[in-house]
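Notes to accompany the following structure.
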Amino acid sequence: MEEIEKLMEHPLNADDTFSFRCKQCGGCCRDRNDILLSPFDICRMAKQLDIPPEEVIYNYGYVYIGQTSKIPLVSLKMRPDTNECPFLEKNRCKIHNGKPAACALFPLGRFAARTDDNDVKISYILQPVDCGTKDEEHTVRQWMSSFNLEESEQFFFIWQDKAMQLSERMKKIIDDMPPRVQEMLINQITHFIYASYDIEKPIQPQLERNYLYTEQMLSSIERKIAELLL
C-alpha cells in the first residue's frame with residue numbers, strides 16, 4: 001500500500017509511456033480482493049452475461065461499506081475454493097469483452113482525486129507487478145484505446161464525482177443511525193446506484209437519475225435526523 005501511495009504522488013499522463021506485455025499466465029486473476037465494480041462495470045458484465053445487473057451483484061460480487069467513504073462498495077467475489085476470479089478459465093477471461101475496467105486496465109491502476117478547484121482529476125499509475133514482460137512499450141492513451149476504455153473513462157469521471165458527493169453526505173448521518181436503519185439505507189442506495197439500470201440504454205443518464213433519487217432519499221433522512229435532534 002505504501003508503494004502504491006508513492007506512485008500516486010507521480011501519476012502517469014495520457015501520453016506517458018510504460019513497458020508491459022501480458023504472458024496470459026492468469027496471475028492477475030487470482031487472490032484478488034481489490035477489484036471494485038462501478039455501475040458501468042456491472043452493466044457491461046450484465047450485458048455480456050445476458051442477466052440483470054442485480055444478478056451480477058448477487059452472483060459475482062459482495063457489498064460492503066467503505067471504511068473511509070461510508071458508501072456501499074461492490075467488489076468482485078473470488079471462487080471460495082480456489083480464490084480465483086469466477087470468470088477465469090484456462091488462464092483466459094470468459095467475459096473478455098465485458099470484463100471490469102480494473103481488469104482491462106491492468107497493469108495500470110486508475111484513481112480520482114479532488115483538485116484545489118474542487119474538480120475531479122483522473123490519473124493513472126503503473127502498478128508494481130512482477131508478471132508479464134517489459135518488451136513492449138505503450139502510452140496510457142494507446143492502452144485505453146486497445147481495450148475500448150474511452151467510454152469507461154468518461155463514466156469513471158462522473159461516477160467518482162457522484163461517489164465523492166455521496167460519501168460526504170453519508171459521513172454526516174450514518175453513524176447516528178441504528179444498525180437496522182443503516183442496513184435498510186445501504187440496501188436502498190445499493191439498489192439505486194448499482195442495480196437499477198436498463199442495460200440496453202445508455203448508462204450515464206441512468207446514473208444521473210439514480211443519483212438524484214438517492215439524494216432525495218438522503219435529504220428526507222437528514223430532515224428527520226434534524227427533527228429528532230431538536
Side-chain angles (χ1 to χ4, degrees), residues 1-2 4-5 8-9 32-43 45-46 52-78 80 100-102 109-123 152 154-198 203-230:
M1 185 63 182
E2 190 173 317
I4 295 291
E5 289 176 351
M8 290 171 67
E9 294 175 2
R32 298 294 299 271
N33 298 307
D34 59 344
I35 306 297
L36 293 179
L37 304 178
S38 74
F40 182 82
D41 293 325
I42 292 168
C43 289
M45 293 167 69
E54 56 264 33
E55 285 191 27
V56 173
I57 299 170
Y58 181 80
N59 293 327
Y60 303 107
Y62 67 92
V63 180
Y64 66 98
I65 306 305
Q67 186 174 0
T68 302
S69 68
K70 302 297 184 182
I71 68 172
L73 302 174
V74 181
S75 184
L76 184 64
K77 182 169 57 180
M78 299 290 107
R110 179 171 62 181
F111 66 97
R114 289 282 188 198
T115 67
D116 292 338
D117 296 328
N118 205 34
D119 293 326
V120 176
K121 181 181 180 181
I122 299 173
S123 301
S152 168
Q154 295 171 8
F155 186 92
F156 184 74
F157 179 88
I158 296 168
W159 165 237
Q160 289 299 306
D161 183 46
K162 299 300 184 189
M164 289 177 187
Q165 292 180 49
L166 180 59
S167 173
E168 291 304 311
R169 298 189 72 167
M170 290 294 287
K171 288 175 184 177
K172 295 175 183 178
I173 63 174
I174 194 165
D175 290 336
D176 294 327
M177 296 179 180
R180 178 58 181 159
V181 178
Q182 282 188 17
E183 182 181 354
M184 292 173 62
L185 175 62
I186 292 304
N187 288 340
Q188 283 293 314
I189 293 176
T190 301
H191 172 73
F192 282 141
I193 296 296
Y194 291 101
S196 185
Y197 295 89
D198 181 340
I203 305 302
Q204 182 177 319
Q206 294 184 77
L207 173 65
E208 300 277 2
R209 177 204 64 195
N210 294 348
Y211 184 75
L212 179 60
Y213 291 159
T214 303
E215 276 195 318
Q216 292 170 345
M217 179 176 62
L218 290 177
S219 294
S220 176
I221 291 171
E222 287 166 347
R223 287 193 297 270
K224 290 178 181 178
I225 290 175
E227 290 170 2
L228 290 172
L229 294 176
L230 289 177

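Everything quoted here is computed from the prediction, not taken from an experiment.
Between atom NZ of residue Lys77 and atom CD1 of residue Ile57 there is a gap of 11.5 Å, rounded to the nearest 0.5 Å. Distance CD1/Ile203 to OG/Ser152: 12.0 Å, rounded to 0.5 Å. One finds the CG atom of Leu73 at 9.5 Å from the OH atom of Tyr62 (value rounded to the nearest 0.5 Å). Here the straight-line distance linking atom CE of Met78 with atom OH of Tyr60 works out to 12.5 Å at 0.5 Å rounding. The CD1 atom of Ile193 lies 6.0 Å from the CG atom of Leu166; values are rounded to the nearest 0.5 Å. Atom CD1 of Ile65 and atom CD of Gln67 lie 12.0 Å apart (nearest 0.5 Å).
A pairwise comparison of heavy atoms in Asp198 and Gln206 identifies N-OE1, 2.7 Å as the closest pair. Minimum heavy-atom separation, Ile42 to Pro53: CG2-O, 3.7 Å. In terms of heavy atoms, Asp175 sits closest to Lys70 at OD1-NZ, 4.3 Å.
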Which pairs would a plain distance check flag for residues 212-220, meaning a side-chain donor or acceptor within less than 3.5 Å of a matching protein atom at least two apart in sequence or in another chain?
{"residue": "Thr214", "atom": "OG1", "partner": "Asn210", "partner atom": "O", "Å": "3.0"}
{"residue": "Ser219", "atom": "OG", "partner": "Arg169", "partner atom": "NH2", "Å": "3.0"}
{"residue": "Ser219", "atom": "OG", "partner": "Glu215", "partner atom": "O", "Å": "3.0"}

What pairs of donor and acceptor atoms, side-chain ones from residues 154-162 against any protein atom, are under 3.5 angstrom apart with sequence neighbours left out?
{"residue": "Asp161", "atom": "OD1", "partner": "Arg114", "partner atom": "NH1", "Å": "3.0"}
{"residue": "Asp161", "atom": "OD1", "partner": "Arg114", "partner atom": "NH2", "Å": "3.0"}
{"residue": "Asp161", "atom": "OD2", "partner": "Gln165", "partner atom": "NE2", "Å": "3.1"}
{"residue": "Lys162", "atom": "NZ", "partner": "Glu208", "partner atom": "OE1", "Å": "3.2"}

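For the pair Met45 and Leu37, the minimum side-chain heavy-atom distance is below 4.5 Å. With contacts defined as side-chain heavy-atom distances shorter than 4.5 Å, the pair Ile173/Glu222 qualifies. Taking 4.5 Å as the limit, every side-chain heavy atom of Tyr64 sits out of range of all side-chain heavy atoms of Ile186.
Around OH of Tyr58, the count of heavy atoms belonging to other residues, nucleotides or ligands within 6.0 Å does not exceed 12. For Lys171, the NZ atom is densely surrounded, since the number of other residues' heavy atoms within 6.0 Å is greater than 12.
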Review point. Given the rule in the side chain to side chain contact (heavy atoms under 4.5 Å, CB included) test, do Ile189 and Met170 qualify, once you have shown the distances and angles that lead to the verdict?
Key: CA-CA 11 Å; Ile189 293 176; Met170 290 294 287; 3.6 Å; yes
Practice item. Show your working on side chain to side chain contact (heavy atoms under 4.5 Å, CB included) between Leu76 and Arg32 and close with a plain yes or no. Key: CA-CA 8 Å; Leu76 184 64; Arg32 298 294 299 271; over 6 Å; no
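Formation of a donor-acceptor pair under 3.5 Å by the Tyr194 side chain with backbone atoms of Pro72 is found in this model. Between the side chain of Asp41 and the main chain of Ser38, a donor-acceptor pair closer than 3.5 Å is present. Counting only distance, with no hydrogens or angles, the side chain of Glu54 and the backbone of His191 share no donor-acceptor pair below 3.5 Å.
Residue pairs meeting the salt bridge (Lys or Arg N to Asp or Glu O under 4.0 Å) criterion with at least one member in residues 180-194, sequence neighbours excluded: Arg180-Glu183.
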